[in-house]
Engineer: 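The structure's right below; bear with me while I get my questions together.
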2 protein chains.
Amino acid sequence: MKVTGKRSDCPIGCSLDVWGDKWTLLIIRDLMEANGRTYGDFLKSPERIATNILASRLQALEENQLVVKLEHPDSKAKVLYKLTQKGIDLLPIMVEINLWAEKYFTIPEDRKAMLEEVKKDKDGFIKKMTKHLIASNEN
Amino acid sequence: MKVTGKRSDCPIGCSLDVWGDKWTLLIIRDLMEANGRTYGDFLKSPERIATNILASRLQALEENQLVVKLEHPDSKAKVLYKLTQKGIDLLPIMVEINLWAEKYFTIPEDRKAMLEEVKKDKDGFIKKMTKHLIASNEN
DNA sequence: TTTTGCACTTGCAATTTGCAAGCAAAGGTA
DNA sequence: TACCTTTGCTTGCAAATTGCAAGTGCAAAA
């Protein structure tokens, strides 16, 4: 998919630049699992994103301020990618996608366990996770 | 974007066949606004989907049972596309996407009005809309 | 019987993807 | 200090996908 496009082009009222494709979703999912990842971390994901695609998607995410690029505390050679507030705010969408996927597909056990918690108290879960993600940005 | 791919390839635990891209989202959005649309109706959407892309996306949606193809009551030359229950169940995701978009972008006035209702009672809104969509499938 | 409308299909150039290889800067090791 | 490794990309290229325009076949209207 072309990752360019005007805001008016997008069926959901915001640019596809921002919302993105499968690989964009993968990056966001990974960052929600552990906010603060290196380029190499993304490459290690089981979905095997190609390095040029990863670079282009990270650039688009940064340009759209869903993600920020920070210095890694361990080394100047490394880079830390983190979700911004705008990126963290995608959490409710990710939760709903997962609830839908659980209803119609077989999903991994660990994700199922997480969804049990969601089903007990969705708002509580989202608040807790959001807080957690914000906190991981502050050190 | 390739609309093929194995379930295991998808970052959210379900095939991208099913979730799809920008154009897939557009089709689903249109069907949620008015369930029961013809091929030509989709082509008339302001986003200007190309006819070959529309055909390929509708086929994928049908294969994945998010959408069904029915006879049009008015004419044999026409086709009616409708959301299935599986498609209707994407509503909570669409709602969250719209809430997010409203927070970070300028969205059309009519959509804003709808979101006011959502913000008052999200669960109520989703139940009402779901009922409405299911009802439109029964005649 | 001709024309129009509708739902696609086809052909083709341009763009994007996916894979492999390359590369520069930083860090570690001898 | 010289040399290898790690890290974060970039580049080249074949194959796949998109976007545009034109065409096709069937149904209904005129």
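Quantities reported herein were computed from a predicted structural model and do not represent experimental measurements.
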Engineer: In terms of the nearest nucleotide of DNA chain D, which residue is placed more toward the 5' end: A/Asn52 or A/Ala77?
Structural biologist: A/Ala77
Engineer: Before accepting this row, confirm whether a basic side-chain N of the pair A/Glu102/A/Lys119 lies closer than 4.0 Å to the acidic partner's carboxylate O.
Structural biologist: yes
Engineer: In whole angstrom, what separates A/Leu61's CG from D/dC9's P?
Structural biologist: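 The distance from CG of A/Leu61 to P of D/dC9 comes to 13 Å, rounded to the nearest Å.
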Engineer: B/Leu58 CG to C/dC6 C1': how many Å, rounded?
Structural biologist: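 For the pair B/Leu58 CG and C/dC6 C1', the rounded distance is 14 Å.
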Engineer: Starting at CD of A/Glu62 and ending at C1' of D/dG8, how long is that distance when rounded to a whole Å?
Structural biologist: 13 Å
Engineer: Does a side-chain N or O from A/Tyr81 land closer than 4.0 Å to OP1 or OP2 of D/dT7, or not?
Structural biologist: no
Engineer: Is A/Lys82 close to A/Leu133 at the side-chain level, that is, under 4.5 Å between some pair of heavy atoms?
Structural biologist: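 No. Closest side-chain heavy atoms not under 4.5 Å.
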Engineer: Go nucleotide by nucleotide along DNA chain C from the 5' end; which of A/Ala50 and A/Lys76 gets its closest nucleotide reached first?
Structural biologist: A/Ala50
Engineer: Which of the following nucleotides, C/dG18, D/dA28, D/dT10, is nearest to the side chain of A/Ala55?
Structural biologist: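 Among the listed nucleotides, the one closest to the side chain of A/Ala55 is D/dT10.
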Engineer: Looking at B/Glu117 and B/Lys120, is there a salt bridge between them, counting it only when a charged N and a carboxylate O are closer than 4.0 Å?
Structural biologist: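 Not counted as a salt bridge, because no side-chain N and carboxylate O are separated by less than 4.0 Å.
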Engineer: Decide side-chain contact (heavy atoms from CB on, under 4.5 Å) for B/Arg29 and B/Leu26; before the verdict, give the C-alpha distance in whole Å, the side-chain angles of both, and the deciding distance to 0.1 Å.
Structural biologist: CA-CA 5 Å; B/Arg29 183 208 60 182; B/Leu26 165 65; 3.0 Å; yes
Engineer: How many whole angstroms separate atom NE2 of B/His72 from atom P of C/dG5?
Structural biologist: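 My rounded result for the distance is 16 Å.
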Engineer: Take the protein atom CD1 of A/Ile53 and the nucleotide atom P of D/dC9, then report the distance between them rounded to whole Å.
Structural biologist: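 Rounded to the whole Å, the gap is 15 Å.
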Engineer: Does OP1 or OP2 of C/dC8 have a side-chain N or O of B/Lys69 closer than 4.0 Å?
Structural biologist: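 Yes, within the criterion.
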Engineer: Rounded off to whole Å, could you give me the CG-to-C1' distance for the B/Leu43 and D/dG19 pair?
Structural biologist: 13 Å
Engineer: Establish, with yes or no, whether the OP1 or OP2 oxygen of C/dG18 is under 4.0 angstrom from a side-chain nitrogen or oxygen of A/Trp23.
Structural biologist: yes
Engineer: At what distance, to the nearest 0.5 angstrom, does NZ of B/Lys78 lie from CG of B/Asp41?
Structural biologist: 8.0 Å
Engineer: Identify whether any heavy atom of A/Ser75 sits under 4.0 Å from a base atom; if not, whether one sits that close to sugar-phosphate; answer base, sugar-phosphate or nothing.
Structural biologist: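 The residue A/Ser75 makes sugar-phosphate contact but no base contact.
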Engineer: Could you give the CG-to-P distance, from B/Asp74 to C/dA7, as a whole number of Å?
Structural biologist: 11 Å
Engineer: Between D/dG8 atom P and A/Arg37 atom CZ, what is the distance in whole Å?
Structural biologist: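 Whole-Å distance recorded here is 13 Å.
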